[in-house]
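Notes to accompany the following structure.
Quick caveat: nothing in here was measured; it's all calculated off a predicted structure. Throughout, a chain's letter reflects where its sequence line sits, starting with A, and its residues are numbered from 1.
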Protein chains: 2
Amino acid sequence: MAYDQLLLSNQLCFRFYALERELMAAYRPLLDHLGLTYAQYITLLYLWEHEKATVGELCTALSLDTGTMSPLLKRLESAKLIERHRLPSDERTVEVLLTKKGRALEQKAVSIPGNIATCLLSSDRDEQGKKYAELREMLDQTLEQLKRTRKEREAGK
Amino acid sequence: MAYDQLLLSNQLCFRFYALERELMAAYRPLLDHLGLTYAQYITLLYLWEHEKATVGELCTALSLDTGTMSPLLKRLESAKLIERHRLPSDERTVEVLLTKKGRALEQKAVSIPGNIATCLLSSDRDEQGKKYAELREMLDQTLEQLKRTRKEREAGK
DNA sequence: TTCTGTTATATTGTTCGCAACTTAATTGAA
DNA sequence: TTCAATTAAGTTGCGAACAATATAACAGAA
């Protein structure tokens with residue numbers, strides 16, 4: 001190795017960690033305006049797209065476990081943005097539905113992705129499309145690789 | 001726009017968010033072995049490199065605030081990995097030092113970066129160096145852009 | 001039908017991350 | 001010298017995030 005892997009400045013992972021938090025800091029003022037956290041926002045993104053979902057569906061789609069999702073949904077429910085009820089066909093399953101208020105919030109959220117893209121990408125307009133595609137490609141590849149390794153290790157253990 | 005920006009599957013930010021957590025999941029079993037969390041690990045990385053630091057220095061280097069760092073240091077201290085004492089020259093400032101036990105832990109941590117690199121990068125050996133450099137470059141650029149925008153907005157507000 | 005194992009969700013307990021606030025020490029201007 | 005402003009760290013409170021556990025409903029075999 002040509003350099004010390006234990007140096008913070010050489011760590012790819014620390015970059016991901018720092019970047020993720022800086023990104024959340026960019027979202028915060030925009031989401032504060034809607035009274036949402038990022039986790040709540042992406043939960044609503046899923047519901048705006050699908051109208052309804054079970055708790056398990058949401059956990060899978062957002063890669064969160066029920067220990068995160070259950071209290072989060074409880075808070076969205078007390079904010080009157082969603083409703084929850086158990087399915088008659090299977091009383092174990094809880095279905096999550098948007099309320100009218102929750103559906104209406106989408107209109108206030110439409111400006112967020114564009115706003116964040118401005119923070120995230122270079123101000124050079126010509127570069128943006130290319131950079132976006134490259135980044136997306138790399139992130140997808142890296143995420144897939146991580147998941148693959150995790151499954152291998154879980155299987156082998 | 002050619003597609004819906006509010007679709008979760010189109011969101012660059014969700015990729016960062018999901019990737020960061022998948023990465024932490026890769027670290028967890030390795031760090032459990034040392035009895036550390038990721039935040040504690042990078043705090044020790046900084047101390048292994050610099051031997052000692054003030055609380056403010058650590059906050060700046062890791063982009064964490066004192067509300068995160070103070071209790072974290074308290075836990076590292078009760079684990080006997082660090083010591084804290086106020087500087088005689090300025091009683092406001094707290095200096096953090098590694099204990100012998102904290103210094104010794106570095107030897108158990110040396111295998112971690114290589115292990116994580118295996119999870120993170122493709123198994124194609126030839127591709128690794130190139131991919132690592134590209135990813136690093138993109139992350140650095142994106143992080144810089146985010147910080148730049150944040151400062152502009154803070155100034156303009 | 002009954003018992004066993006599985007599935008879906010919720011709860012508990014710990015740490016992180018951050019905003020807002022507190023405390024105490026230092027600085028600097030009047 | 002005095003006192004108001006600043007600085008460094010710690011505390012409080014809340015919402016993630018996750019492991020471990022609990023609860024309840026369902027599914028299948030005997």
Side-chain angles (χ1 to χ4, degrees), chain A residues 14 17-29 31-32 34-44 53-79 81-82 84-96 150 154, chain B residues 14 17-29 31-32 34-43 53-79 82 84-96 150 154:
Chain A
F14 180 68
Y17 171 75
L19 182 47
E20 194 268 345
R21 283 179 299 127
E22 191 69 32
L23 196 48
M24 291 305 131
Y27 270 104
R28 207 163 295 119
L31 292 175
D32 277 353
L34 308 191
L36 297 175
T37 64
Y38 183 76
Q40 290 167 6
Y41 168 67
I42 58 174
T43 302
L44 289 176
T54 66
V55 173
E57 230 174 296
L58 286 169
C59 287
T60 303
L62 309 181
S63 331
L64 290 168
D65 78 348
T66 63
T68 303
M69 192 50 78
S70 277
L72 187 157
L73 292 173
K74 195 186 284 183
R75 284 184 283 272
L76 287 179
E77 192 172 40
S78 18
L81 297 171
I82 63 162
R84 288 189 291 177
H85 48 74
R86 292 189 178 269
L87 287 183
S89 58
D90 184 344
E91 291 282 340
R92 291 172 304 178
T93 304
V94 170
E95 189 171 64
V96 180
R150 181 150 75 118
E154 273 168 8
Chain B
F14 180 69
Y17 171 76
L19 183 47
E20 194 268 346
R21 282 179 300 126
E22 191 68 31
L23 196 48
M24 292 304 131
Y27 270 103
R28 207 163 295 120
L31 292 175
D32 277 354
L34 310 191
L36 297 175
T37 64
Y38 184 75
Q40 291 167 4
Y41 168 67
I42 59 174
T43 302
T54 67
V55 173
E57 231 176 293
L58 286 168
C59 287
T60 303
L62 309 182
S63 329
L64 291 168
D65 77 7
T66 63
T68 303
M69 192 49 78
S70 278
L72 187 156
L73 292 173
K74 195 187 285 184
R75 285 184 283 271
L76 286 180
E77 194 172 38
S78 22
I82 62 163
R84 288 189 290 178
H85 48 73
R86 292 189 178 269
L87 286 184
S89 58
D90 184 342
E91 290 283 341
R92 291 172 305 179
T93 304
V94 169
E95 190 170 66
V96 181
R150 180 150 75 119
E154 273 168 8

Atom CG of Leu23(B) and atom P of dC18(D): how far apart are they, to the nearest Å? 12 Å
From CG (Leu36(A)) to CD1 (Ile42(A)), nearest 0.5 Å: 11.5 Å
List the residues meeting side-chain hydrogen bond (donor to acceptor under 3.5 Å, both in side chains) with Arg28(A), not counting sequence neighbours, and say none if there are none. none
At 4.0 Å (heavy atoms only), tell me whether Ser70(A) reaches a base, stays on the sugar-phosphate, or touches nothing. base
CG/Leu76(A) to CD1/Ile82(A) distance, rounded to the nearest 0.5 angstrom? 5.0 Å
Distance in angstrom units between Lys74(A) NZ and dA16(D) P, rounded: 13 Å
For nucleotides 22-28 of chain D, print each protein N/O atom paired with a nucleotide N/O atom at under 3.5 Å, atom names and distance only.
{"residue": "dC26(D)", "atom": "OP1", "partner": "Glu91(A)", "partner atom": "N", "Å": "2.8"}

Nucleotide interval of DNA chain C bounded by contacts with chain A (heavy-atom cut-off, under 4.0 Å): dT7(C) to dA19(C)
Quickly work out the Tyr38(B) OH to dC18(D) P distance and round it to whole Å. 15 Å
Only counting residues at least two apart or in another chain, list the ones meeting salt bridge (Lys or Arg N to Asp or Glu O under 4.0 Å) with Glu91(B). none
What pair of heavy atoms forms the shortest contact from Pro71(B) to Thr66(B), and how long is it? CD-O, 3.9 Å
Stretch residues 59-67 of chain A: residues that reach within less than 4.0 Å of DNA chain C through a heavy atom: Thr66(A), Gly67(A)
Distance test, side-chain N/O of Arg21(B) to OP1/OP2 of dC18(D), below 4.0 Å: yes
Do any N or O atoms from the side chain of Arg84(A) and from the backbone of Glu95(A) form a donor-acceptor pair under 3.5 angstrom? no
Contact summary for Ala26(B) and Pro29(B), nearest pair of heavy atoms: O-CD, 3.5 Å
Atom-to-atom span, CG of Leu36(A) to C1' of dC14(D) - whole angstrom: 15 Å
Would you mind telling me which residue lines up with the more 5' stretch of DNA chain C, Gly56(A) or Ala25(A), judged by nearest nucleotide? Gly56(A)
Give me the one residue out of Leu81(A), Leu73(A), Val96(A) that meets side-chain contact (heavy atoms from CB on, under 4.5 Å) with Thr43(A). Leu73(A)
N/O donor-acceptor pairs under 3.5 Å from side chains in residues 53-65 of chain B, not counting sequence neighbours:
{"residue": "Thr54(B)", "atom": "OG1", "partner": "Glu57(B)", "partner atom": "N", "Å": "3.1"}
{"residue": "Glu57(B)", "atom": "OE1", "partner": "Thr54(B)", "partner atom": "N", "Å": "3.2"}
{"residue": "Glu57(B)", "atom": "OE2", "partner": "Tyr46(B)", "partner atom": "OH", "Å": "3.1"}
{"residue": "Thr60(B)", "atom": "OG1", "partner": "Gly56(B)", "partner atom": "O", "Å": "3.0"}
{"residue": "Asp65(B)", "atom": "OD1", "partner": "Gly67(B)", "partner atom": "N", "Å": "2.9"}
{"residue": "Asp65(B)", "atom": "OD1", "partner": "Thr68(B)", "partner atom": "N", "Å": "3.1"}

Between atom CG in Leu31(B) and atom C1' in dC18(D), what is the gap in whole Å? 15 Å
Rounded to the Å, how far apart are Leu73(A) CG and dG15(D) C1'? 14 Å
Want to settle it: does Glu20(B) or Pro71(A) sit nearer the 5' end of DNA chain C, counting the closest nucleotide to each? Pro71(A)
Glu154(A) CD to dA19(D) P: how many Å, rounded? 10 Å
Please report, rounded to the nearest Å, how far the P atom of dA19(D) is from the CE atom of Met69(A). 15 Å
Could you state the interatomic distance from NZ (Lys74(A)) to CG (Leu72(A)), rounded to the nearest 0.5 Å? 11.5 Å
Tyr38(A) and Tyr17(B) aromatic ring geometry - parallel, tilted or perpendicular at 30°/60° bounds: perpendicular
For Thr68(B), report the nucleic acid contact type (base, sugar-phosphate, nothing); a contact means any heavy atom under 4.0 Å. base
Taking every non-hydrogen atom, the tightest pair across Gln40(B) and Gly35(B): OE1-O, 3.9 Å
